[in-house]
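One structure is given below, encoded as structure tokens.
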Amino acid sequence: MTRTPRLSWATVTDAEGWTQSSAQIAWEGAAGTVIHEIAGAASSQVAWPFTPLADGESGRIRVRVHTPSTGWSAWSDEAPVVCGVREDWPARWVRHPAPRAEQCPVRLRRRVEIRRGLATATLHATAHGVYQAYVDGVAVDDERLKPGWTSYGRRDTYAATDVTALLVAGERVLTVDLAAGWFAEKYGWDGLERCIYGSSQPSFSAVLRLEYEDGTVDELITDDTWEVTDAGPVVASGIYAGERVDARRETPATWASAASAPVEGAPVPRTSPPVRATQEVAPVALIRTPSGATVLDFGQNLVGHLRIRVSGVAGTTVTLRHAEVLEHGELALRPLRRAEATDHYTLAGDGEEVWEPRFTFHGFRYAQVDGWPGELDLADVTAVVVGSDMRRTGTFASSHPLLDRLHENVVWSMRGNFLSIPTDCPQRDERLGWTGDIQVFAPTASFLHDVDAFLSSWLEDLAIEQTDEGSVPFVVPDVIDSARVGTAAWGDAAALVPWALYQRFGDRDTLARQFGSMRRWVDWMAGRAGDNLLWEGDFQFADWLDPTAPPDRPAAAKADKDLVATAHLFRSARVVSEAGRVLGDDAAADRYADLARRVQEAWLTQYATPAGRLMSDAQTSYALAIAFEIADDHRRDAMGDRLAELVEEAGYRISTGFVGTPLIADALADTGHADVAGRLVLNDENPSWLYPVTMGATTIWERWDSMLEDGRVNPGEMTSFNHYALGAIADWLHRRVAGLAPASPGYRAVEVRPLVLEGLDHAAATFESAYGRHEAGWSRVGEAVRLRVVVPPNTTAVVHVPGSAEPVTVGSGTHEWVASVPLPVRPHRRFSADTPLVEIRRDAAAYAAVRGTAERVLGVSASREFLRTMQWGAQGTFRNFAQMLPGGIVEEIDRALAAL
């Protein structure tokens with residue numbers, strides 16, 4: 001909500017190369033119609049050209065566009081606009097004066113007399129907790145977990161809801177169910193759990209504004225005239241614990257006067273999209289576990305809760321317990337840690353009852369149902385998917401089923417973890433806004449959904465939680481008191497997320513608002529680095545969850561932590577310089593450009609040899625140097641060659657954690673090793689992106705091997721099966737494989753440069769920008785590659801046709817090219833145990849023969865370990881390693897290769 005909403009419109013026309021020359025925007029309000037004309041092509045993120053909207057002001061807006069060749073278009077359909085912003089906040093906080101327990105759910109009520117002639121009624125409401133409001137028992141909207149999670153007490157947000165239709169003349173009863181939610185949750189681990197916001201009880205504050213046709217305005221506010229009870233149906237509720245409801249208590253008998261307190265600092269309008277139920281999923285199977293329990297499988301790891309339809313004797317309690325995976329045939333509960341993730345419903349006993357929890361959410365694919373009266377019918381249980389309601393904008397599809405399932409897993413992980421804030425996982429006792437996760441994932445998120453408002457809102461809290469000196473917390477809101485520490489890649493969300501929103505949505509306003517926060521972070525990092533500009537010696541998460549790190553030491557990565565930290569100082573300094581240039585602050589732009597240059601020189605001097613070898617000889621180290629453009633021209637290719645060698649020596653198994661994973665495929669492709677990047681991404685052996693897919697994953701895992709190959713859950717204490725960070729590879733699939741990349745802010749121009757990879761017959765992506773639908777895709781039949789590009793009106797595309805030396809610039813319309821792209825040359829040769837291992841691993845048939853032989857001779861488990869630990873380099877051969885390999889395996893491999 002804002003008084004000056006930004007405007008965007010898309011034009012639909014068959015005219016090729018269409019570009020807007022001017023536009024007219026018409027605002028029809030109470031004072032009549034006002035038309036504003038703008039010159040030029042601007043049609044995205046256009047500033048509100050009229051007087052700022054007043055409290056409750058409503059009207060309709062429409063637009064028409066012009067170009068000399070086609071003249072003025074027809075007017076668009078009218079879009080209604082209502083301003084839900086308030087100038088003041090006369091209401092107080094209300095709560096229960098003496099609740100029976102911690103985190104006690106309560107019900108509030110207030111009777112209100114509605115006079116005849118009501119024109120509009122708006123409920124402005126907020127909570128320290130989560131709430132739903134009702135008029136005479138009817139919910140005022142379909143939102144969940146209002147008002148969402150922010151930095152409570154420092155930025156409280158309110159929702160504005162039109163309740164006119166519910167408030168017919170006469171006495172009405174306004175009721176509010178209120179639960180603790182995030183506000184009174186106990187955060188922390190290892191016995192340090194505590195309520196962060198100073199209270200274990202929720203509070204509610206609201207203003208009901210009633211405007212009548214005669215011009216009079218009445219306002220009903222929360223104060224001590226409200227009544228409250230803790231004897232309602234919601235007995236207990238917690239984000240981590242779940243919800244306990246007793247339907248026999250639906251009509252509480254005892255009420256008390258509410259306690260009230262002043263609101264310190266007026267709430268501000270909520271700008272993030274609301275949380276809603278966005279989908280329903282039916283169970284696909286009923287499982288009887290070895291212990292005899294009844295478990296439902298929904299076929300998809302999701303976030304939300306269950307809705308049940310049940311009949312039985314009053315007092316019967318149905319218990320619903322949730323988990324992401326099964327282990328040994330039972331719910332795997334260990335990864336939940338102290339989160340009970342359990343709902344209880346006690347029947348009223350008055351026929352068929354339909355119930356679902358309202359103030360909690362779970363991450364699950366499986367649900368154990370205990371206490372069900374009679375025989376459980378699958379049709380009586382539905383999974384309700386819950387998350388922030390954002391418009392889907394991007395798609396990807398290819399000829400590779402596992403790759404497409406990987407992409408779908410990324411989408412599901414994003415949906416589950418974009419719930420009020422960008423969380424790290426939705427199931428265990430955490431669900432926090434980890435800054436490093438969203439820093440690496442923001443570009444992917446910005447393609448898949450319209451996350452501009454969602455992330456812009458979260459960034460406001462980041463700036464609030466940031467220290468005065470500039471350090472940024474690990475999580476936002478900072479409920480683990482981490483702001484005083486600061487760490488690279490995580491804190492860099494302060495600079496890189498606003499920049500991603502500017503690049504992908506053209507959101508200059510958020511960039512300008514966050515610019516001070518961006519600068520403070522870089523200044524703080526530079527202060528930690530000191531005179532030599534090398535950030536060394538501090539705590540760092542660094543390349544978190546490198547697959548070679550021990551399960552209990554996820555920060556013990558191959559890439560040197562100080563190298564990683566200083567690389568991020570360079571990257572954020574450069575981004576702040578570029579942002580300063582966009583915002584017209586040339587002095588700041590020059591200052592941070594000079595800082596970036598000096599950090600680059602220090603980094604190369606400290607960590608790189610003149611020949612391009614890095615002292616930290618790890619995949620992430622080279623990926624950072626190349627993708628962040630730290631590498632200078634005379635060492636860049638050498639670094640790319642070494643990165644490719646490391647990937648091939650690892651047998652195309654991934655060796656990067658949170659930092660390196662989003663960068664490695666780009667670093668390889670940008671240095672002439674797209675073939676290596678393709679093999680890396682399409683590999684299905686552990687660890688790899690596709691390994692979880694082969695294990696039945698339907699979301700992205702926190703660890704590359706959250707589930708081991710034998711079906712056991714990874715022994716690490718921190719193991720989630722829904723964690724989007726490693727899914728950042730999807731951005732590469734969109735930009736590089738399909739070839740649809742932004743070339744200017746907000747996709748006003750795109751660059752189409754597809755990678756025709758071995759192992760794929762086609763790939764395509766679509767994106768709904770503010771200008772319309774962009775498409776790019778290719779298909780191969782033999783050596784013929786057909787490229788198809790759709791450019792929406794008022795935009796352009798620079799297209800690199802495969803095999804062509806010069807790019808082509810095109811305007812709106814549908815464009816196709818057919819190019820000849822030779823198939824990879826596979827010279828006929830004989831393979832043997834004396835063939836360099838890298839050549840065997842590059843050849844699909846030769847490696848399949850080795851893989852099959854190893855499984856036959858050693859068994860599946862031992863063969864996996866054998867292949868994983870081999871160094872697939874250019875010098876080694878199976879014969880060279882014979883003394884270190886299982887007896888007889890070399891001869892068997894030699895025979896299998898000879899048979900090719």
Side-chain angles (χ1 to χ4, degrees), residues 10 12 16 391-412 414 443-450 504 665-666 669 674-675 677-682 689-690 693 727-743 746-747 749-793 795-804 807-821 823-824:
V12 178
E16 292 190 358
R391 180 174 64 100
R392 178 74 185 269
T393 51
T395 69
F396 173 83
S398 75
S399 59
H400 198 297
L402 294 183
L403 191 65
D404 285 2
R405 180 66 244 193
L406 169 71
H407 190 270
E408 187 69 5
N409 292 359
V410 176
V411 174
W412 274 99
M414 177 181 172
T444 302
S446 298
F447 183 89
L448 294 175
H449 287 85
D450 184 351
R504 299 307 178 93
D666 272 310
D675 56 335
R679 294 190 192 108
L680 176 69
V681 172
L682 296 180
W689 280 285
L690 297 186
V693 180
I729 188 62
D731 190 50
W732 187 75
L733 300 179
H734 309 146
R735 289 183 296 101
R736 305 302 298 274
V737 178
L740 183 54
Y747 288 77
V750 300
E751 181 177 34
V752 179
R753 191 197 295 259
L755 292 176
V756 181
L757 295 178
E758 185 179 2
L760 297 180
D761 295 325
H762 61 81
T766 69
F767 180 72
E768 295 282 350
S769 77
Y771 301 97
R773 184 181 179 90
H774 305 259
E775 299 182 25
W778 57 270
S779 59
R780 175 197 275 277
V781 178
E783 294 193 348
V785 173
R786 181 180 297 274
L787 176 63
R788 183 175 184 269
V789 177
V790 177
V791 183
T795 69
T796 59
V798 177
V799 182
H800 299 259
V801 180
S804 298
V808 179
T809 299
V810 295
S812 63
T814 299
H815 311 274
E816 292 191 357
W817 297 265
V818 177
S820 179
V821 179
L823 293 166

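FYI, side chains are in, hydrogens and waters are out, and symmetry mates aren't considered; it's all heavy atoms of this structure. Predicted model only: the values in this text are computed from it and were never measured.
- Residues satisfying the side-chain contact (heavy atoms from CB on, under 4.5 Å) test with Asp675, not counting sequence neighbours, are His673, Arg679.
- Of all heavy-atom pairs spanning Ser812 and Pro792, the tightest one is CB-O, 3.4 Å.
- Remark: Arg735 engages Asp666, Asp731 in a salt bridge (Lys or Arg N to Asp or Glu O under 4.0 Å) (not counting sequence neighbours).
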Ignoring hydrogens and angles, write down the donor-acceptor pairs under 3.5 Å from the side chains of residues 776-786, residues two or more places apart or on other chains.
| residue | atom | partner | partner atom | Å |
| --- | --- | --- | --- | --- |
| Trp778 | NE1 | Val737 | O | 2.8 |
| Arg780 | NH1 | Gly782 | O | 2.8 |
| Arg780 | NH1 | Val821 | O | 3.1 |
| Arg786 | NH1 | Glu816 | OE1 | 3.3 |

Without placing hydrogens or testing angles, list every side-chain donor-acceptor pair under 3.5 Å for residues 759-768, not counting sequence neighbours.
| residue | atom | partner | partner atom | Å |
| --- | --- | --- | --- | --- |
| Thr766 | OG1 | Thr395 | OG1 | 2.5 |
| Glu768 | OE2 | Arg773 | NH1 | 3.2 |

### Task
Under the side-chain contact (heavy atoms from CB on, under 4.5 Å) rule, what do Thr796 and Val791 come out as? Steps first, then yes or no, please.
CA-CA 7 Å; Thr796 59; Val791 183; 5.5 Å; no
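- By the 4.5 Å heavy-atom criterion applied to side chains, Phe396 and Leu448 are not counted as neighbours.
- Taking Thr795 as the reference, nothing meets the side-chain hydrogen bond (donor to acceptor under 3.5 Å, both in side chains) condition, with sequence neighbours excluded.
- At least one side-chain heavy atom of Val799 sits less than 4.5 Å from a side-chain heavy atom of Val801.
- Of the possible donor and acceptor atoms, none in the side chain of Arg391 sits under 3.5 Å from a partner among the backbone N and O of Thr393.
- Looking at heavy atoms from C-beta onward, His400 lies in side-chain contact with Leu690 at the 4.5 angstrom threshold.
- In this view, Ala770 and Ser8, Ser44 satisfy the side-chain contact (heavy atoms from CB on, under 4.5 Å) rule, not counting sequence neighbours.
- Contact detail for Ala665 and Ile729: the closest heavy-atom pair is CB-CD1, 3.8 Å.
- Side chains of Asn409 and Val693 form a contact here, defined as non-hydrogen atoms less than 4.5 Å apart.
- Put simply, the side chain of His449 never gets that close to the backbone of Ala445: no donor and acceptor are under 3.5 Å apart.
- Evaluation of the side-chain contact (heavy atoms from CB on, under 4.5 Å) rule for Val798 yields His800, Pro807, Thr809 as partners, not counting sequence neighbours.
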### Task
Apply side-chain contact (heavy atoms from CB on, under 4.5 Å) to the pair Arg736 and Leu755, showing each step before the final yes or no.
CA-CA 6 Å; Arg736 305 302 298 274; Leu755 292 176; 3.9 Å; yes
### Query
What do the steps show when you test Trp689 against Leu403 for side-chain contact (heavy atoms from CB on, under 4.5 Å), and what is the final call?
CA-CA 9 Å; Trp689 280 285; Leu403 191 65; over 6 Å; no
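- Using a 4.5 Å heavy-atom cutoff, the side chains of Glu775 and Arg788 are in contact.
- Take Ala728 and apply the side-chain contact (heavy atoms from CB on, under 4.5 Å) test, not counting sequence neighbours, and it matches Phe441, Thr444, Pro662.
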### Message
side-chain contact (heavy atoms from CB on, under 4.5 Å), that's the test. Do Leu740 and Phe447 meet it? Break it down for me.
### Response
CA-CA 10 Å; Leu740 183 54; Phe447 183 89; 4.3 Å; yes
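- For the atom pair CG (Leu733) and CG (Leu406), the distance works out to 6.5 Å, reported to the nearest 0.5 Å.
- A salt bridge (charged side-chain N to carboxylate O under 4.0 Å, His left out) check over residues 403-412, counting only residues at least two apart or in different chains, returns nothing.
- Taking 4.5 Å as the limit, some side-chain heavy atom of Pro754 sits within range of a side-chain heavy atom of Val752.
- Residues forming a ring-ring contact (aromatic ring centres under 6.0 Å, His included) with His774 (at least two apart in sequence, or on another chain): Tyr747.
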